[in-house]
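One structure is given here, and the rest of the page talks about it.
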Amino acid sequence: MMSSARQKPNSMEKNAAASEVRTCHVAVIGSGLGGIAAALAIINMQNEKKQSAITSTKYNITIYERDKSFSDRKEGYGMTLTYDPNGPLQKLGVLEEVAKRDCPSRCHYLFTAEGVIKGYFGNAFYEEEKQLNTRGSGQRGNLRIPRSELRSILWKALQANDVDNNVCISWGKRLVTYVDRAMMDKIEQIGNKQCKKTSSDAHQRPVLLTFDDGTTDEVDLLIGADGVNSVVAKQYLQTALPTVRTNNGIDEVVTYTSPALIGIFIILGITDHFH
């Protein structure tokens, strides 16, 4: 019969495990929802692994943000999220906190341009639906929360869970470019049809970052969470996803790195627009 109890490692095993722990330096570009959530997910994973006998990797995370402070960013649109006990908010450990800040959307009015009410709809107008207006732990359905509040919740959770002070944030840092040494080495090796160790193997971290103030950093892992105009994504696409276009019978390699209009309209509300 297998025992459900975990055996405690002896001192020799602990020393061996400690000597094998490597440090992974992570750079997160952007302190928006994606950037903070990514850092929180890594810290949560690291805390879970600390409960086991062997921890193979320690993560040191630096969040680089172009804003001067946390409050510089505009609030942005509200968000509609899903209450899912098995979803990402739960895995990040913030689901119930987000549920407490829910702003129910059950009462909607339609106005003319002069402010005259044309109609209304929503659960709030139906007596049998009023019991659904209570929110809290264990609720179901959608969650509506201002973007800035969700960001604050994630940020506070990151600060609380970072018990070993492995996360720091550097304000006023705008990424200009990066060099993925490992990728560039592979591209060069493929072009030369050879495989050998190159400069990225010797005392250098794989990714070199350069910021607009002239400073640099070297990291093992780069996470681009810098929005729709992501510097990281654009440069990655230029390197990794070139396409061939024929122009007057001549093939040329081009890369599309900007969002392209695909002709689809999404309208939230009532409109007189016809397509």
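Quick note: numbers below take in every heavy atom, side chains included, and nothing from hydrogens, waters or symmetry partners.
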Considering all heavy atoms, the nearest [X]-[Y] contact:
| X | Y | result |
| --- | --- | --- |
| Val26 | Ile223 | CG1-CD1, 4.0 Å |
| Gln235 | Val179 | NE2-N, 4.4 Å |
| Arg205 | Glu218 | CD-O, 3.3 Å |
| Leu209 | Ala27 | CD1-CB, 3.6 Å |
| Cys103 | Pro146 | SG-CD, 4.1 Å |
| Ala157 | Val94 | CB-CG1, 3.7 Å |

Verify the distance criterion only: is there a donor paired with an acceptor across the side chains of Lys49 and Thr57 at less than 3.5 Å?
no

State whether a side-chain donor-acceptor pair under 3.5 Å links Gln90 with Tyr83.
no

Taking [Y]'s backbone N and O only, do any of them form a donor-acceptor pair with [X]'s side chain (distance below 3.5 Å, no angle check)?
| X | Y | result |
| --- | --- | --- |
| Asp67 | Asp72 | no |
| Asp220 | His25 | yes |
| Ser152 | Ser148 | yes |
| Arg151 | Ile36 | no |
| Glu65 | Ile169 | no |
| Asn47 | Asn161 | yes |

With a 4.5 Å cut-off on side-chain heavy-atom distances among I, L, V, M, F, W and Y, is there a chain of contacts connecting Phe70 to Ile43?
yes

Treating Ile, Leu, Val, Met, Phe, Trp and Tyr as nodes and any side-chain heavy-atom pair under 4.5 angstrom as an edge, say whether Ile61 and Met45 lie in one connected cluster.
yes

Evaluate the side-chain proximity of [Y] to [X]: yes if any heavy-atom separation is below 4.5 Å, no if none is.
| X | Y | answer |
| --- | --- | --- |
| Val28 | Ile42 | no |
| Ile63 | Val167 | yes |
| Ile153 | Ile145 | yes |
| Trp171 | Ser31 | yes |
| Lys173 | Thr215 | yes |

side-chain contact (heavy atoms from CB on, under 4.5 Å) for Leu143 and Leu95? Distances and angles first, verdict last.
CA-CA 10 Å; Leu143 302 171; Leu95 178 60; 4.1 Å; yes

Roughly how far, to the nearest 0.5 Å, is [atom2] of [Y] from [atom1] of [X]?
| X | Y | atom1 | atom2 | result |
| --- | --- | --- | --- | --- |
| Asn166 | Lys58 | CG | NZ | 5.0 Å |
| Leu175 | Thr210 | CG | OG1 | 7.5 Å |
| Leu222 | Leu208 | CG | CG | 11.0 Å |
| Lys91 | Asp84 | NZ | CG | 8.5 Å |
| Leu89 | Glu96 | CG | CD | 10.0 Å |

Does Phe111, at its CZ atom, have more than 12 non-hydrogen atoms belonging to other residues, nucleotides or ligands within less than 6.0 Å?
yes

Tell me which one of Asn142, Asp102, Leu150 satisfies side-chain contact (heavy atoms from CB on, under 4.5 Å) with Leu81.
Leu150

One thing to verify: whether Asp164 and Lys50 come together as a salt bridge, which I'm taking to mean a side-chain N less than 4.0 angstrom from a carboxylate O.
yes

Is the shortest side-chain N to carboxylate O distance from Glu97 to Arg101 below 4.0 Å?
yes

Could you check whether the rings of Tyr64 and Phe211 sit parallel, tilted or perpendicular, using 30° and 60° as the cut-offs?
tilted

